[in-house]
Amino acid sequence: MRESLKRQPSHAFARFGQALGMTLRSESEDAVNEFIPDEVPSLDRHDEQRYDAPVELTAMATSPDKSMALIAGKDLMQILKIDNIDGSVELLASLKPPSTRGDKLHHVTSAAWGSHLQQSTIAIAGKISGDVLVYRVEEFTGADRVMPIALSGHSRTVNSLDFSTVQPSLLASGSQDGSVKLWDMRIKANRAYAALLPCLEPIRDVKFARHDSSKIAAILDNGLIYIYDIRTLSSFSGRPTVPERKFTAHSGPGFSIDWHPEDDYLASGGRDRYIHVWNLASDLRSPEFSIPTPAAVTRVAWRPPSTRRGRDRHSLLSSEIAAVNLAMGDYRVHVWSLDRKFVPKYTLASHDAATTALEWRDDRSVWTASKDKSFRCNDIYQFQNVVDNLRLQALSWSPKDGSMCAALLGRSNKLPSHGVPAINIGALSHHGLSAFARSISTSSGKLSNSIEMTPSSSYLNFEALHRISPTQPSSFPSIRRRETDENGFGAGMAVGGRSPEPRSPFSIKRSFDKQITMPPGLQSMPGSEPGTPVPISNPEYSTFIPSQAIFYSDVLDGSEIASTFRLLAGQIRYDSRPKGLDPSTDDWITAMETVLDHNMKTADENGAFRTGQTWAILKMALGWELSNGNIDFIYSESGEETVIVPINDKQSSNSESDEEEYGGHANKSKDIDGEQNEETNGVVDGEGIPVPERYTTINGDMFNANEIRAASLSDRSKDNDDYQQEETRKVTGMRLRSEQTEEAVPPWNIRHLVDRALEYYVSQGDLQQAAAIALVLGDFLQLDRTRTVQWIDAYIELLHRQQEFVTAALIVKSAANEEINSIGQINADVSVSCGSCHKPLTLEKGVSSLKSGVWRCPKCARALGKCVYCHMPCLGRVTLSVGCGHFGHGDCLKKWFFDEGMNECPSGCGAVLFYR
Amino acid sequence: MHNFNTNHEDLIHDVSYNFYGTRLATCSSDQTVKVFDLDESADSTNWILNDSFKAHEASVTRVVWAHPEFGQVIATCSFDRTIKIFQEVDHEPRTSGRRWKRVAVLPDSRGPVHDISFAPVHLGLKLAANGADGTLRIYEAIEPHNLYYWSLVFEKVVVPEPEGAREADASYCLSWCGSKYAPEQLVVGSLSRCYIFRKSSDDKYAQCEELPGHTGSLREVAWAPSMGRSFELVATACQDEKVRIFKLSPKSDLESSQALVSSAPDRLPQTADTVPTGDHKYDVELIGEFDDHKAQVWRVSWNVTGTVLASAGDDGRIRLWKSAYSGPFQCMSVISAENKCSDATD
């Protein structure tokens, strides 16, 4: 961990140095040599520096050696001495800036600290006066009163001050009056050395280039950036000069700029919520990078390069920018990396109010001053990497076919990843509908011995299933990720394997050709030689894009299962009531048998053999009950018919459940014990044959009928009355006699079977079968009504999801249950205001031939409920196109579609409603 | 197996099917939401881009579909502290960037919004949100055909906001109970606490049972579709690397009334907090706790019948869990990505 922080001057800087005939000393170099201990603080450093000031802080400047800081706020300026070893902060001096020319400084808007030769010079500017006050730090010690040098020249507030790092005597000031002035500290006359840029737009920020003595950049309130070469200034004349370059950086006010510490790049932030990075070697028509941030950007600052970050050192992509956003309630400072524009690398949350000034102490900590009256040093490694708290996985089950759609990335939990986890995707698939139609077996096979209804499971072998995608389930810091994250992609992306030989830090592979726009100046640059330091404008680069793609698949026959579900849904019958108004008991029995038989065959034809087997067994079980005289028929008097209708339906349902129960039971016993199962089947068959005779017997048996009524009605005396009037009654249903006459309940007792079968189907999510059983046999067996309704309701929802609306409607219509029947008949909305402008609707009479008038919005004159064909209001029933939602009078639409032979919606929406 | 490239430029945080499984919405850190339509013309599984639009000013963390009864409506939430509602505009061309119109912005949250969820359709058009200010909010569009106006019908601080730096690993989540036959209720995970909120008889939401045992931030909770089962299942994904499955068995009336009496003193300290507690309707039982991922678990999701649970974690794998017939939940499948890199092994 111990490593020298001493930096080599960059090649770019060396070039400029030679060109200018200047020394190679740079502010950063000095700073490092002199002040930063020759020891890299360990990662677990916790020396958070903090100083609480008496006022809201509005400006901050730090000495080049980072041992002192100037903080300023309303009518107050303080100098802090900072010990970077133990992290202590102490107040060195505190003073009220004097008023000059009768004006108070009020809030200090800007502060600057001179670099090496001028490192004891500080300058501040206030809000009201246009004066810049210059102090010498030494004067503060022990002095009661310090008289600053006032630099007068600006007519309005000075927004920004900056000392040149290369020519330390130069101070630039940018003002609200629309000019930048340069001051030379060596000249005693308090007069501007040169004035630049007199224009009407206030200057928001001004900065000398840190690597180049000749350049100065200013950002304006209209979003323009002006760059001057100060060598071309007509010195001392005060005459304005033309900018060397001038370009529009932001679509609104620009707030802040910062030069890259080593290279010819400029970062800017503005109210348009962007941080733009400009390559000054380009034509500047568009930014080289753009980072969209959550709010207006008030401060930007490049993170100083670090030797600790090794090979990334010269890569612009690895450069980072700290930015302050101006957002209500969000006072965090974000550190963005250029290679990932959407997710900040770190988010520093330490202030409770807006941060007004920001400066990097070194490559890992940031000083901030805030309106919460505190000055802090934030160690960025104390804050969790933002990406570490982002969800990398997305998954969703398809309600349509039970497949799964997912995007996956992994993340190593071992490495503290400062980089973005490298990865790929995953993907997947499957299977969910299995839950509809079938159950799923576990790979361990444990399911298979639990109950006889376990499916054969040949189609589900999860272990063999998927090799999803070549995904990298772990992360790699930084550079490597760009090489690895392409491995997963196949088509559609340039695929690059990991190169066996060490790569140059600069040759980052481009991952998506189409997504990268190379600035013209860069495109023709040759690739770099491995290991050779290359000027920053050379690297082939790309921004980082996680190679997360969505995979979708149907490995598990999910669509087949879904189609079986849909086929069955449309074909099996849910209603066992006989047709005709006046069913006889024979009709009931025939109807029941028909339904069960039909369902059995339907299931078999569609390959759902187990389901079919269940229905078959239920049929046999019902037959057995019939043959044993356990079925009671329910009669109703003609006069009470309306009242009894529900009971009637219920009873028919009951009879069906009875049948099914029997089947389920037989099935179970079969799985548990083969012999017993065969025996059961034999019994059923044997008893199934005489069923019609039994029915007739039952029909003729008055006592039996009486008993039925007794069971169905709680009031026995009423029953007896009914019994006496029996001849006028119709059969309204049948039910399993609740009190079994047999002393021993056989294992295939239908109630027992159905209970277990339902429990099984529900637990396995096969709502189709559970609801069908409940619908067919529910009333007959007097199943728990509450739960029956839940199953049917759940089944209807599944049908809706499968878009089997017709089947769902049939069930709603035919179910012997008010709750189900009433679906769709509740929740009517009545609009009293216009849907688009919210004005109350008014009733207009006489506008049309309608007596009732038309409800119309007075503002947008839009009538509600207009027929799509004749534009007259529709009242009552309308014909609705489910596809496009347009509706109209039935007659009108008939005319359109049939008389006029059209096949598209008359509204012109393009929906084709008729296929001829 | 099919894959399709969403062309998102950063991490995809959520994918979401609509009610029918015919449309897919994705949201990403690149601040955009994309909607795809299933190509239903052929018997294919091609997803066609319907539209892609910039939805927020920061990472979009969730995208959810409203029930189709309310039209083609999606809601998104983001780290930019807002929730937005978008509605499809039929007459705008596909992939124009204008097809989804923003109809409402819900800016109440004072922190990033981590999770939103539409209530089941029988409760109307309601949207619950939980975010980094530790506050559960429930919005309702009183007139469902008018998506412009959402009223905040409930707002309650579930857990106090954590201090500054700790915010980073905080996470918040919620999930509605979809059953029509249970009271209006939802499970809310805030930091490491997980509660059930239920609408009580006086029409107010009250904090009821706690699902205990989490030792890290809850990353996602999922209330299983009950589908007529006699009990409810809730799965949680947690930072502590565990997937947990809770079974909520209804107390009988007698039990619950007894529990009310007996637990009254116990609940007193809780009522001292800002959150009132409601009646306990369920016996909460932890029926599964799995650390198979050996890494943070971020997602849990039940299939449409509530019988198979999928969980995904930082190990880059999806695990499917299913209960054997009336047995414990078991891992039935691991869907993993091929491991091309030898040093990436667990």
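Convention: sequence-line order gives letters A, B, ...; per-chain numbering from 1.
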Between A/R787 and A/E759, is there a side-chain N and carboxylate O pair less than 4.0 Å apart?
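Looking at A/E759 together with A/R787, the answer is no, because their closest N to O distance does not fall below 4.0 Å.
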
Please classify the contact of B/S78 with chain A as side chain, backbone, both or neither, using a heavy-atom distance under 4.5 Å.
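No part of B/S78 comes within 4.5 Å of chain A.
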
Examine whether an atom of B/R229 lies under 4.5 Å from a heavy atom of chain A, and if so say whether it belongs to the side chain, the backbone or both; otherwise answer neither.
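Contact with chain A: backbone and side chain both.
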
Pick whichever of B/S59, B/S230, B/S28 has the most heavy-atom pairs under 4.5 Å with chain A.
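Among the listed options, the one with the most contacts to chain A is B/S230.
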
Under 4.5 Å heavy-atom distance to chain B, tell me which part of A/T293 shows up: side chain, backbone, both or neither.
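For A/T293, backbone heavy atoms alone lie under 4.5 Å from chain B.
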
At a heavy-atom separation under 4.5 Å, does A/H800 approach chain B through its side chain, its backbone, both, or neither?
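For A/H800, heavy atoms of backbone and side chain both lie under 4.5 Å from chain B.
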
Kindly say whether B/S217 contributes a backbone atom to a donor-acceptor pair with the side chain of B/Q239 at under 3.5 angstrom?
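Side chain of B/Q239 to backbone of B/S217, a donor-acceptor pair under 3.5 Å: yes, one is there.
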
Qualifying residues under ring-ring contact (aromatic ring centres under 6.0 Å, His included), relative to B/F231, sequence neighbours excluded:
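Checked B/F231 against ring-ring contact (aromatic ring centres under 6.0 Å, His included); zero matches.
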
For B/F79, check ring-ring contact (aromatic ring centres under 6.0 Å, His included) against everything at least two apart and list the hits.
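For B/F79 the ring-ring contact (aromatic ring centres under 6.0 Å, His included) partners, ignoring immediate neighbours, are B/H114.
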
What I'd like to find out is whether the side chain of A/L392 reaches to under 4.5 Å of the side chain of B/Q296, using heavy atoms alone.
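A side-chain contact under 4.5 Å is absent here.
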
